[in-house]
Student: 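Let me begin by handing over the structure; questions about it come next.
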2 protein chains.
Amino acid sequence: MTERELRLKTAEIEKISHIDYFNIAISVDCVIFGYDDKELKVLLIKSDLEEFAGLFSLLGDLIRPDEDLETASYRILKERTGLDDVYLEQVQAFGSIKRHPSGRVITIAYYSLIDIKHHKMQLSHNELNWHPVNELKKLAFDHKLILDTCLLRLQQRVLETPIVFNLLPEKFSLRELQELYEAILGIGLDRRNFRKKISIKDWLIDIGEIENDVPHRPGKLYKLKPELKIKPARRKLQPGKS
Amino acid sequence: MTERELRLKTAEIEKISHIDYFNIAISVDCVIFGYDDKELKVLLIKSDLEEFAGLFSLLGDLIRPDEDLETASYRILKERTGLDDVYLEQVQAFGSIKRHPSGRVITIAYYSLIDIKHHKMQLSHNELNWHPVNELKKLAFDHKLILDTCLLRLQQRVLETPIVFNLLPEKFSLRELQELYEAILGIGLDRRNFRKKISIKDWLIDIGEIENDVPHRPGKLYKLKPELKIKPARRKLQPGKS
DNA sequence: TAATAAATATGTACTTACGACACATTAATT
DNA sequence: AATTAATGTGTCGTAAGTACATATTTATTA
C-alpha cells in the first residue's frame, strides 16, 4: 500500500468503522436435504418476518464470534434436528446488498444430508417441516436461489462421490438407491445400466439379507463400505447449549 | 504522520474495532491468476502485518456495507490492476476463528483470470508482483490454503468450460493453448489427443493467420468464438473511486 | 395347488470417448 | 540444397456409456 492509500484508508476507517464496516452481519444458512416417500425434501421453517409472511425459509443463524463457520452449521443442525453426525458441505456465500430487509447480512450457505427416518432425529418444534424440493416456488429472502444453488452442487457431487448414503438408512436395496438418484437428479434411469455403474464404483457390500416389507419379490440389501463413510469432523458445541 | 505511524494507527483502529463481541469483519480475497513464460502465476503483495513480515499475501479488502461481494472483488481488481473486464468466480468462504491475527475476519475467496500482457494492465505499485504458483510455499494468513483451493477449482473448471482464454491474448496458437493447460493442470499432455479434444469442443475459430515471431515453422492462430466469451457483469464502481 | 403378476437379476451389441502411438509437411536455418 | 524442429493429421486398441431382452423369484390370486 502506498502512503497515500494508507492515509485514505485510515481516514476511512476512522470515519465509518463502527457505523458501517462492522455493521455487516454474517450468518450461516443450511439447506438440509432429506429423502422420504421417493422424494427429495428440504427442511424449512415459517419465516418470522412480516415482509415474508406466509413464506418458508431455510434454517440459519448469525455466526458467533467464537465459532467457525462449520461449527455454526453443526450447531444449527444439532439445535434443529438433534443430529450431530451429519454430512455437511459449504457451497458459497451470498451477499447481495438488499437480500435481507432488516439490514446488511451476508450469509454462507451449507447443505447437509440427513436420513429422515434416523431414530435420533427430532425436529425442534412444529413449525419445522419437510417440503418436497420440486414443489417449492417461492421462499423468504433469497433462499430459493440458495436452495437451487445447493441442489445443483448436490447433483454434481453425487455422481463422483459416495455421499447419497447419508440420505438412506444403513441397509437399502438397489431399487431404493436408484429411486434416490432419480429423485436427486430429477430424471429416470435405466435399471440395468444403473446397477452396472454402481457395481463398477465398488462402493457397496452385499450384507446377505433381503427386504422383508415389500409386496413383491424382495431385493438384496446392501450397505456402504465402512471405509467410504464420510465422517464429518464432529464439532464440539458450545457448553450450555443442547 | 510517517508511513510507519500510519500503519500502526491503521492496525490499532482495526484491532479495537474487532473487540466488540458481535462484530465480525468480512473481507474479500482475490486469487488473481495470470499466465506468462509458460507458467501459471498469481499476483501477490508484501504483507504489511508484523506477524507476517517477509511473507506475501493475496489482494483483499474489507467489504463495504454498500457493495455486493462481486462488486468488492471487481473494485480490488480495478484498483490493483487497472482492469475492469475480467473473469471472476467465487470459490468459498474461509472463516476459521484465528485466521487473522488482529481479530475475527471472515473472508470470501474469488479467483480471477487475467491476460498479463493486456495493454491496459498496470499494477498499482511496485510491491505488487507476479509469482509462479508452483514455487510458493508459505503465504500470510491462510492464504496458501485459499490459493490451493482456488487452483483446484480452476483445474476442475478448465476441463468443462472455456475460461482459460481469459489468460491468453486474443490470438493464440494451439501450442500456446496446450502449454497453458499443462501449466494449469501441472501435467504434460499428448499433442495429438489434446488437439482432438479441443477440436471436439468447437470453441475456436481459425482466423487465417499464422505466428510470426517463432524460430520455427509457425502455427495457425485461433481465437475463441465470440459467443463463448464470458462477459463478466461489469460492475459499477463507487463514484469517486478510480 | 396352480396360474398369474410384478419386481429382481443379469448379459449383449452398438456407439462413443480416451490414450498410446507414427508419419508426412512446412518453414527457418545451415 | 540439405538439415532441423515444430506443425498437422490418423489409426488402433481399450474402456466407458447406452439401448435393449430374457430368465428368475416371490407374493398374490383364482
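Proteins get letters first, then strands, A, B, ... in listed order; numbering begins at 1 in each.
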Student: Kindly say if R217(B) contacts the phosphate of dT25(C), meaning a side-chain N or O under 4.0 Å from OP1 or OP2.
Tutor: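 For R217(B), the contact criterion (side-chain N or O under 4.0 Å from OP1 or OP2 of dT25(C)) is not met.
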Student: Provide, to the nearest angstrom, the distance between the CZ atom belonging to F194(B) and the P atom belonging to dA17(C).
Tutor: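 In whole Å, dA17(C) P and F194(B) CZ are 18 Å from each other.
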Student: Can you measure K220(B) atom NZ to dT7(D) atom P for me and round it to whole angstrom units?
Tutor: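 That distance rounds to 13 Å.
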Student: Students often mix this up, so state it plainly: with edges at 30° and 60°, are the rings of H100(B) and F141(B) parallel, tilted or perpendicular?
Tutor: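 Taking F141(B) first and then H100(B), their aromatic rings sit tilted (interplane angle of 30° to 60°).
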Student: Starting from P on dC21(C), measure out to CG on L189(B) and report it in whole angstrom.
Tutor: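 So the CG-P distance, L189(B) to dC21(C), works out to 15 Å.
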Student: Starting at CD of E211(A) and ending at P of dA6(C), how long is that distance when rounded to a whole Å?
Tutor: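 Nearest whole value for this atom pair: 17 Å.
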Student: Is a side-chain donor or acceptor of S96(B) paired with a backbone partner of R99(B) at a separation under 3.5 angstrom?
Tutor: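 No; zero donor-acceptor contacts below 3.5 Å.
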Student: What nucleotide, of dA22(C), dG8(D), dT12(C), holds the atom closest to the side chain of K196(A)?
Tutor: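 The answer is dT12(C).
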Student: Take the protein atom NZ of K197(A) and the nucleotide atom P of dA19(D), then report the distance between them rounded to whole Å.
Tutor: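 Taking NZ of K197(A) and P of dA19(D), I get 11 Å after rounding.
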Student: In whole Å, I'd like the distance from the CD1 atom of I198(B) to the P atom of dA17(C).
Tutor: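 Between P of dA17(C) and CD1 of I198(B): 15 Å.
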Student: Tell me: CD of Q178(B) to C1' of dG8(D), nearest whole Å?
Tutor: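 It is 13 Å, rounded to the nearest whole Å.
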Student: If each of P218(A) and I200(A) is mapped to the nucleotide of DNA chain D with the nearest heavy atom, which maps nearer the 5' terminus, i.e. the 5' end?
Tutor: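 Result of the comparison: I200(A).
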Student: Closest to the D190(B) side chain: dA27(C), dC21(C), dC20(D)?
Tutor: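 Taking heavy atoms from C-beta onward, the closest nucleotide is dC21(C).
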Student: Quick check for you: among dT18(D), dT7(D), dA9(C), whose closest atom lies nearest to any side-chain atom of R195(A)?
Tutor: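 Of all the options, the side chain of R195(A) is nearest to dA9(C).
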Student: Under a 4.5 Å cut-off applied to non-hydrogen side-chain atoms, are L136(B) and L44(B) in contact?
Tutor: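 A side-chain contact under 4.5 Å exists here.
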Student: Do the side chains of C150(B) and L154(B) get nearer than 4.5 Å, heavy atoms only?
Tutor: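 A side-chain contact under 4.5 Å is absent here.
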Student: Check this for me: does the side-chain of R192(A) come within 3.5 Å of the base of dA21(D) through a donor and an acceptor?
Tutor: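 Result: at least one qualifying N/O pair found.
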Student: CG of L221(A) versus C1' of dA9(C): gap in Å, rounded?
Tutor: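 Answer to the nearest Å: 15 Å.
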Student: Can you tell me whether the side chain of R191(B) and the base of dG8(D) have a donor-acceptor pair closer than 3.5 Å?
Tutor: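 Under the 3.5 Å cut-off, the side chain and the base do form a donor-acceptor pair.
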Student: More 5' along DNA chain C: H216(A) or N193(A), using each one's nearest nucleotide?
Tutor: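 The answer here is H216(A).
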Student: Between E182(B) and R175(B), does any side-chain N to carboxylate O distance fall below 4.0 Å?
Tutor: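 The answer is no: the pair does not qualify as a salt bridge.
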